[in-house]
Amino acid sequence: MKRLYRFLVALSITLACVPACAAPLPGSLDVHWNEGAADCSKTPQPPLQVYHYNAQTFILRESPCATFEAPFMYLLLGSTHALLIDTGDVADPKQVPLAQTVMALLPGDGDAKLPLIVVHTHGHLDHRAGDPQFQSLPHVQVVGTDLEHVKQYFGFSDWPNGVSQIDLGDRIVDVLPTPGHYPSHVSYYDRNTALLFSGDFFMPGRLIIDNTQDDVASAQRIADFIKNRPVSHVLGGHIELDADGNTFDFGSNYHPHEHVLELTKQDLLGLPAMVAHFNGFYTQDGMYIMFNQFRVLGAELAAIVLVLVAVVAVIWRYLRHRKRLRLAKT
Ligand SMILES: [Zn+2]
Ligand SMILES: [Zn+2]
């Protein structure tokens, strides 16, 4: 009788816990990312680092020596499909053998290979340059990055509202529109691991915001989504800061003492307040630098033009002055 009672108690706890107590599958981020080199020609680095977060989840990163962008890519395995999020900054398989590496990580051989879906966080070239490596492979589907493709593939009828799902077999990944950095930017939430893949929308680095209104709305939308969900880590597209929160020089192939890749649920919940006071041009908040690249570029171009005009004016006045002196002497 006691045994039956214990069994019934255990059963009721189990049933009560589904799905509220379903703990995210654990993984490890005890990893040191390749930091590139001060002189990559003297100390060549492996072009691609592959890290096993857990048995079904891989983090791939192009070395800062392979490309200063050093983007991260994520491979999730389900029971019927695999999902690759982003393809990095390098097209040439001789430089970075991304497709070969990813295909070798997929279970099965030949026709039994686990089918792969290649998606992106957004369409900036440093997140999709590797697409051609996958495009002619069997059992591989590459999803486009322009807004029409993204809306159509994921079935967003009221973009940027709504949440779509990708079913990888025993693994559901939610797709959340997060435009602002890029018009068709999306973030991915893996229900199995509670990892959130935020691309360039949120990462330890420069937050380029090209549409402030969209970005503010995206930050609120994603904060609302995660509020009552577990988030084990927020994983973005790059690391552009050192451990003290200082940005590496733009274009640098050397990232010594990098900041960790992962941000927290709390960090992401703080994003709406942070972007709410972005001035639309350039704002720093703690370690995050938010800027509109088109406006900053425009201002830099305007400054260069002003300097050139000033230099030309000074030279012209100097030449005119010399001419006057010559005429006065004759
Ligand atoms: Zn980007
Ligand atoms: Zn990027």
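Just so we're clear, the structure is a prediction, and the values are computed from it rather than from any experiment. Quick note: numbers below take in every heavy atom, side chains included, and nothing from hydrogens, waters or symmetry partners.
P46 pairs by the side-chain contact (heavy atoms from CB on, under 4.5 Å) definition with N34, not counting sequence neighbours. The salt bridge (charged side-chain N to carboxylate O under 4.0 Å, His left out) check on R61 picks up E258, with sequence neighbours excluded. Residues satisfying the side-chain contact (heavy atoms from CB on, under 4.5 Å) criterion with N253, sequence neighbours excluded, are C40, F68.
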Kindly list each side-chain donor-acceptor pair under 3.5 angstrom involving residues 88-101, sequence neighbours excluded, with atom names and distances?
from, atom 1, to, atom 2, distance (Å)
D89, OD2, T67, OG1, 2.5
D92, OD1, K94, N, 2.8
T101, OG1, P97, O, 2.6

Only pairs under 3.5 Å count here: list side-chain donor-acceptor contacts from residues 110-117, not counting sequence neighbours, and write none if there are none.
from, atom 1, to, atom 2, distance (Å)
D111, OD1, H139, NE2, 3.3
K113, NZ, M103, O, 2.6
K113, NZ, L106, O, 3.1
K113, NZ, G108, O, 3.3

Atom pairs and distances, donor-acceptor, side-chain atoms in residues 150-163, under 3.5 Å, two or more places apart:
from, atom 1, to, atom 2, distance (Å)
D158, OD2, N161, ND2, 3.3

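Aromatic ring centres of H120 and H127: separated by at least 6.0 Å. Taking the centre of each ring, F201 and H181 stay at or above the 6.0 Å mark.
Inspection of the T264 and D267 side chains reveals an N or O donor paired with an N or O acceptor under 3.5 Å. When only modelled atom types and interatomic distance are considered, N192 and Q56 share no side-chain donor-acceptor pair under 3.5 Å. For the 3.5 Å distance criterion, the side chains of H238 and D200 qualify, holding a donor opposite an acceptor. At a cut-off of 3.5 Å, with distance as the only test, no side-chain donor of S198 or S187 sits close to an acceptor on the other residue.
In the hydrophobic clustering, L297 connects to no other residue, as no ILVMFWY side-chain heavy atoms lie under 4.5 Å from its own. Residue L325 belongs to no hydrophobic cluster, having no ILVMFWY side-chain heavy atom closer than 4.5 Å to its own.
Within the structure, every pair that satisfies the salt bridge (charged side-chain N to carboxylate O under 4.0 Å, His left out) test and touches residues 221-244, not counting sequence neighbours, is listed here: R206-E240. Sorted by first and then second residue, the pairs that involve residues 26-40 and meet salt bridge (charged side-chain N to carboxylate O under 4.0 Å, His left out), not counting sequence neighbours, are D39-K42. Pairs of residues two or more places apart, or lying in two chains, never qualify as salt bridge (charged side-chain N to carboxylate O under 4.0 Å, His left out) while including a residue from residues 119-131. Among pairs with a residue in residues 180-191, those fulfilling salt bridge (charged side-chain N to carboxylate O under 4.0 Å, His left out) read R171-D190, D174-R191, at least two apart in sequence or across chains.
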